[in-house]
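The block underneath contains the structure these notes are about, expressed in structure tokens.
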Amino acid sequence: MGKSKVLVVGGTGYIGRRIVRASLAQGHETYVLQRPDLGFQIEKLQRLLSFKKQGAHLVEASFSDHKSLVDAVKKVDVVISAMSGVHIRTHCITLQLKLVEAIKQAPNVKRFLPSEFGLDPARMGHALEPGNVTFEDKMAVRKAIEEANIPFTYISANLFAGYFAGSLSQMGSFVPPRDKVHLFGDGTLKAVFLDEDDVATYTIKAIDDPRTLNKTLYLRPPENILSQAELIGIWEKLIGKELEKTYLPPETFLTTLKGMDYKLQVGIGHFYHIFYEGCLTNFEIGEDGEEASKLYPEVNYTRMDEYLKIYV
């Protein structure tokens with residue numbers, strides 16, 4: 001069988017642009033949705049044009065024009081949505097419901113990957129308010145997909161390194177501190193850190209794989225399953241210096257959280273579940289899931305000691 005034709009929605013975004021590159025690199029005929037309402041967003045337009053130079057096809061469609069969406073998804077076998085779900089930027093998760101309606105009219109689509117790429121929302125029914133809205137919206141999209149009997153793969157990519165590793169998981173920064181660092185609790189609960197390019201590589205690997213059909217693909221490369229304390233230890237070794245450490249008990253974290261702006265509360269509230277509950281690693285993957293590094297051992301994923309070297 002030939003490789004699937006792929007449509008990426010949200011292809012100019014943080015993870016979307018990497019998925020476009022990975023799709024092209026793995027030899028898929030790749031289409032990228034171009035929304036007509038770009039306005040003055042010249043950087044997005046230039047990114048789209050750069051994809052075109054690399055061999056991608058640009059497909060103009062609008063979420064306010066159902067027919068244009070249907071026409072777009074009819075061109076491909078697989079639709080991958082990478083629409084933003086980050087409140088501090090733009091939160092477009094429920095807009096995917098219009099994409100689901102379009103796919104229902106395109107019987108050629110054999111796989112849909114909605115925009116998730118983080119914590120598994122099916123395991124986050126207990127999430128703190130207001131951060132629970134992220135998971136509720138993603139579950140609403142899942143419900144629509146499954147009720148429409150659309151074949152799917154959900155990607156649980158855990159923690160993007162750009163947000164969580166480069167900062168040593170500090171709040172309010174994306175670069176590692178060189179003097180003082182805060183740890184959540186005792187810093188020993190395990191999390192999973194992924195280079196975003198590896199997230200894209202694993203995602204594209206999965207789209208034609210029958211083993212991932214109607215399942216959740218968990219990205220848990222074993223050498224990147226680390227506690228916050230272990231991540232900090234890697235950084236200390238790289239810079240040859242021990243950082244001054246402050247430990248935040250859960251009650252202190254929750255008090256700090258309540259004083260934040262709403263959009264910050266939504267995102268940073270997830271820190272509680274990750275670092276105080278260990279929600280990324282405190283369960284076994286069941287029959288409804290697969291683990292990416294086991295399925296695709298040929299992927300030489302980026303280890304966090306290599307990732308952090310760029311910051312030295």
Completion exercise
With sequence neighbours left out, the residues meeting side chain to side chain contact (heavy atoms under 4.5 Å, CB included) with D71 are K67
Practice task
Specify the closest pair of heavy atoms between T281 and K190, including all atoms of both residues, with the distance to one decimal.
Solution key: OG1-O, 3.0 Å
Handout entry: S4-D208 side chain donor-acceptor pair, cut-off 3.5 Å
Key = yes
Completion exercise
Closest non-hydrogen atoms of A127 and N132, given as atom of the first, atom of the second and distance, are O-CB, 3.6 Å
Exercise for the section: Provide the full list of ring-ring contact (aromatic ring centres under 6.0 Å, His included) pairs with a residue in residues 207-244, sequence neighbours left out, each pair given once. Expected result: Y218-F283
Practice task
Taking T30 for its side chain and H28 for its backbone only, find out whether a donor-acceptor pair lies under 3.5 Å.
Solution key: yes
Exercise for the section: Take atom CD1 of I42 as the centre, draw a 6.0 Å sphere, and report whether it contains more than 12 heavy atoms from other residues, nucleotides or ligands. Expected result: yes
Problem - Sole candidate of V6, V32, I204, I80 that passes side chain to side chain contact (heavy atoms under 4.5 Å, CB included) when paired with V20 - result: V32
Handout entry: Minimum-distance pair of heavy atoms, taken over all atoms of K5 and K75
Key = CD-O, 3.6 Å
Exercise for the section: Step through the shown structure and confirm whether more than 12 heavy atoms of other residues, nucleotides or ligands are within 6.0 Å of NZ on K52. Expected result: no
Exercise for the section: Determine the interplanar angle of the F275 and F164 rings, folded into 0 to 90°, and report it as parallel if under 30°, tilted if 30 to 60°, perpendicular if over 60°. Expected result: tilted
Handout entry: Any side-chain donor near an acceptor of the partner, E277 and Y272, under 3.5 Å
Key = no
Fill in the blank from the handout: Hits for salt bridge (charged side-chain N to carboxylate O under 4.0 Å, His left out) against K104, two or more places apart or cross-chain, chain-then-number order -> E101
Exercise for the section: Indicate whether any N or O donor in one side chain lies under 3.5 Å from an N or O acceptor in the other, for S115 and S81. Expected result: no
Problem - By side chain to side chain contact (heavy atoms under 4.5 Å, CB included) - contacts of K309 (at least two apart) - result: L238, E306
Handout entry: T212 and R111 side chains, donor-acceptor separation under 3.5 Å
Key = yes
Problem - Counterpart residues, side chain to side chain contact (heavy atoms under 4.5 Å, CB included), relative to E298 (two or more places apart) - result: K205, Y296
Handout entry: Residues clustered with L189, ILVMFWY side-chain links under 4.5 angstrom
Key = none
Problem - Shortest non-hydrogen contact from G185 toward Y247 - result: O-CD2, 3.3 Å
Handout entry: Short side-chain donor-acceptor distance under 3.5 Å, S293 and E291
Key = yes
Fill in the blank from the handout: Residues at least two apart in sequence or cross-chain that pass salt bridge (charged side-chain N to carboxylate O under 4.0 Å, His left out) with D77, listed by chain then number, are none
Practice task
Could you check if a side-chain atom of Q228 sits within less than 4.5 angstrom of a side-chain atom of Q170, using non-hydrogen atoms only?
Solution key: yes
Fill in the blank from the handout: Nearest heavy-atom approach of Q54 to R21 is OE1-CG, 4.3 Å
Handout entry: F184 and F271 aromatic ring geometry - parallel, tilted or perpendicular at 30°/60° bounds
Key = perpendicular
Practice task
Using a cut-off of 6.0 Å, state whether more than 12 heavy atoms not belonging to K44 lie near its atom NZ.
Solution key: no
Exercise for the section: Indicate yes or no: does E147 engage K143 in a salt bridge with an N to O separation below 4.0 Å. Expected result: yes
Practice task
Just jot down the salt bridge (charged side-chain N to carboxylate O under 4.0 Å, His left out) partners of R178, sequence neighbours excluded, or say none.
Solution key: none
Completion exercise
Members sharing I93's hydrophobic cluster, built from side-chain contacts under 4.5 Å between Ile, Leu, Val, Met, Phe, Trp and Tyr, are L7, V9, Y31, L33, V59, F63, L69, V73, V76, V79, M83, L95, L97, L99, V100, I103, V109, F112, V141, I145, I150, F152, Y154
Practice task
Give a yes or no on whether E251 atom CD has more than 12 heavy-atom contacts from other residues, nucleotides or ligands under 6.0 Å away.
Solution key: yes
Handout entry: Residues which pass salt bridge (charged side-chain N to carboxylate O under 4.0 Å, His left out) with K294, listed by chain and number, not counting sequence neighbours
Key = none
Problem - Closest contact, heavy atoms only, P121 versus R142 - result: CD-NH2, 3.5 Å
Problem - Partners meeting side chain to side chain contact (heavy atoms under 4.5 Å, CB included) with R303 (sequence neighbours left out) - result: E223, N224, N300, Y301, D305
Handout entry: Whichever hydrophobic residues join L213 through chains of side-chain contacts under 4.5 Å
Key = none
Practice task
Could you check K215 against D288 for salt bridge (Lys or Arg N to Asp or Glu O under 4.0 Å), going step by step and ending with a plain yes or no?
Solution key: CA-CA 5 Å; K215 290 188 176 183; D288 59 346; over 6 Å; no
Practice task
Assess whether ring-ring contact (aromatic ring centres under 6.0 Å, His included) is satisfied between Y14 and Y163, documenting all intermediate values.
Solution key: CA-CA 11 Å; Y14 184 74; Y163 281 85; 5.3 Å; yes
